[in-house]
Q: 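Below is a structure I'd like to ask you about.
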2 protein chains.
Amino acid sequence: MCQLLGMNGNTPTDIVFSFTGFATRAVEHKDGFGIAFFEGPGVRCFVDHHSANDSPVAEMVRRYPIRSRHVISHIRKATQGGVALQNTHPFVRELWGRYWVFAHNGDLKDFHPKLHAAFHPVGDTDSERAFCWLLQELAKNHASVPSVRDLTETLRELAPPVARHGSFNFLLSNGDALWAHGATRLHWLVRQHPFRHARLQDQDLTVNFAEHTTPNDRVAVIVTEPLTADEDWQAFAPGELRVFQDGQPLDA
Amino acid sequence: MCQLLGMNGNTPTDIVFSFTGFATRAVEHKDGFGIAFFEGPGVRCFVDHHSANDSPVAEMVRRYPIRSRHVISHIRKATQGGVALQNTHPFVRELWGRYWVFAHNGDLKDFHPKLHAAFHPVGDTDSERAFCWLLQELAKNHASVPSVRDLTETLRELAPPVARHGSFNFLLSNGDALWAHGATRLHWLVRQHPFRHARLQDQDLTVNFAEHTTPNDRVAVIVTEPLTADEDWQAFAPGELRVFQDGQPLDA
């Protein structure tokens, strides 16, 4: 099993604090890590098949505060697919002239959908297969990039048939919004004014968000297990799909 | 105009020496850089819209000797398209379950091909349009991943109609081979046994490849302008397409 971390903000925000706590969990989840940052429609995706705990790439991410409105990160403990770069999340593909970033936590059994269109897995994980299938079906449902609300509706139809094969916690973003689907373990919160202190659960590290933010900043954080001990994390219900935009969940 | 650097080896090789010289040229080519490494069919692509001379990402690349058999790098001086992440080479797409990496040096005028299939540009460069068109046409010509020889033949048909729009120096790889197309400025050489010293043209730095290699190693380097002062670089003829595999050019 793996762990997911997502961030969606109303202003470009650095993820150094949350990633630092998250990367600590890579002692157990040692089979690679990845993190993708949207900057406008552009994406940087840093992956390494070394643990986020000792990877020079992860070290650079911790030191270089890349500011982004949509971030998806993943630390991996291999279940299906070997330890190899092509099996390392997040995965990136292009559809409708937009990049799509996807990361999955869970295990899909006997999931071999018919991939007859433009998206084929490079590696051999159930996760990349699921991503390719989602994009294939999105492309069938919409001729060009639809509204966030329409995309959310389509994703609500597409997620359940995949989820029947096992646990399907995933994060997905196209740089406009961030979708999160809960199955077994996924939590979220919104950080906004008035900002407070937060203490990382995995490290003896506290941050006072008030020092790093303006009163207008708002950021949603989605993560497998709560990152901090003193904030109100909410659990996703099994099968719940939420879409985050401008740092908050949309009602849809 | 931009500069290209490609490497193709018969064994995973680090590109630290060549990239160090190449990155020095980023003082002039300051509008972003990128470098993609194949590891098997997997790819890591590091991009930054800062200059390779002062980017923390480039600094990590210089310090972390990633070993790869196929590397494509690019430093950018914006001609078409703004300075933004989505306009930063190399570009990566998936076709036939393989990743394809592309970088271009040159300027294509009035190049607006019909993109009616699965590949659409995210940014607004002539280069990404050319890449999308090449992949679209490759997909029309072959139902699944063809042999390197067949791909080369198809690329020899596809490159000239693009090249008529301006200068079309490009590097392309799918992790099996590396294709290089020369238009105005592109050079190559093969480093193999007996290895010698080489002195970087742009920095007061010499390396003795014999200390870092085995007699069986062989690597082809393709670059816009020769990197070293004391090696035999050969110039591409205008319109020449070469394919490199296992560290040497194939006759095809």
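Sequence lines set the chain letters: A, B, ... in the order given, protein chains first and strands last, and positions in each chain run from 1. Given the structure is predicted, the values throughout are model-derived calculations rather than measurements.
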Q: A:Val47 and B:Val43: which non-hydrogen atoms are nearest, and at how many Å?
A: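 Heavy atoms of A:Val47 and B:Val43 come nearest at CG2-O, 4.2 Å.
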Q: Checking A:Arg98 against chain B: side chain, backbone, both or neither under 4.5 Å from a heavy atom?
A: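 Contact with chain B: backbone only.
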Q: Chain B heavy atoms under 4.5 Å from A:Asn87: which part of the residue, side chain, backbone, both or neither?
A: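 No part of A:Asn87 comes within 4.5 Å of chain B.
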Q: Please classify the contact between A:Tyr64 and chain B as side chain, backbone, both or neither, with a heavy-atom cut-off of under 4.5 Å.
A: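 Contact with chain B is through the side chain of A:Tyr64 alone.
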Q: Would you mind checking which part of A:Val61 comes under 4.5 Å of any heavy atom in chain B, side chain (CB onward), backbone (N, CA, C, O), both or neither?
A: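 Neither part.
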Q: Atom OG1 of B:Thr88 and atom CZ of A:Arg44: how far apart are they, to the nearest 0.5 Å?
A: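 Interatomic distance, B:Thr88 OG1 to A:Arg44 CZ, rounded to 0.5 Å: 8.5 Å.
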Q: When only pairs under 4.5 Å are counted, which of B:Glu39, B:Glu94, B:Gln86, B:Glu59 shares the most heavy-atom pairs with chain A?
A: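 It is B:Glu94.
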Q: So what's closer than 4.5 Å to chain A heavy atoms on B:Pro41: side chain, backbone, both or neither?
A: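 For B:Pro41, heavy atoms of backbone and side chain both lie under 4.5 Å from chain A.
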Q: If you count heavy-atom pairs within less than 4.5 Å of chain A, which of B:Gly42, B:Ala117, B:Pro56 leads?
A: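 Top option by heavy-atom pairs under 4.5 Å: B:Pro56.
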Q: Any idea which of A:Trp96, A:Tyr99, A:Phe46, A:Phe38 has the most non-hydrogen atom pairs under 4.5 angstrom with chain B?
A: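 Most heavy-atom pairs within the cutoff with chain B belong to A:Tyr99.
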Q: Find the distance between CD1 (A:Ile66) and CG (B:Leu85) and round it off to the nearest 0.5 Å.
A: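 With rounding to 0.5 Å, CD1 (A:Ile66) is 9.0 Å from CG (B:Leu85).
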Q: Can you list the residues of residues 122-141 of chain A that sit under 4.5 Å from chain B, counting heavy atoms only?
A: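 Within residues 122-141 of chain A, the residues under 4.5 Å from chain B are A:Val122, A:Glu128.
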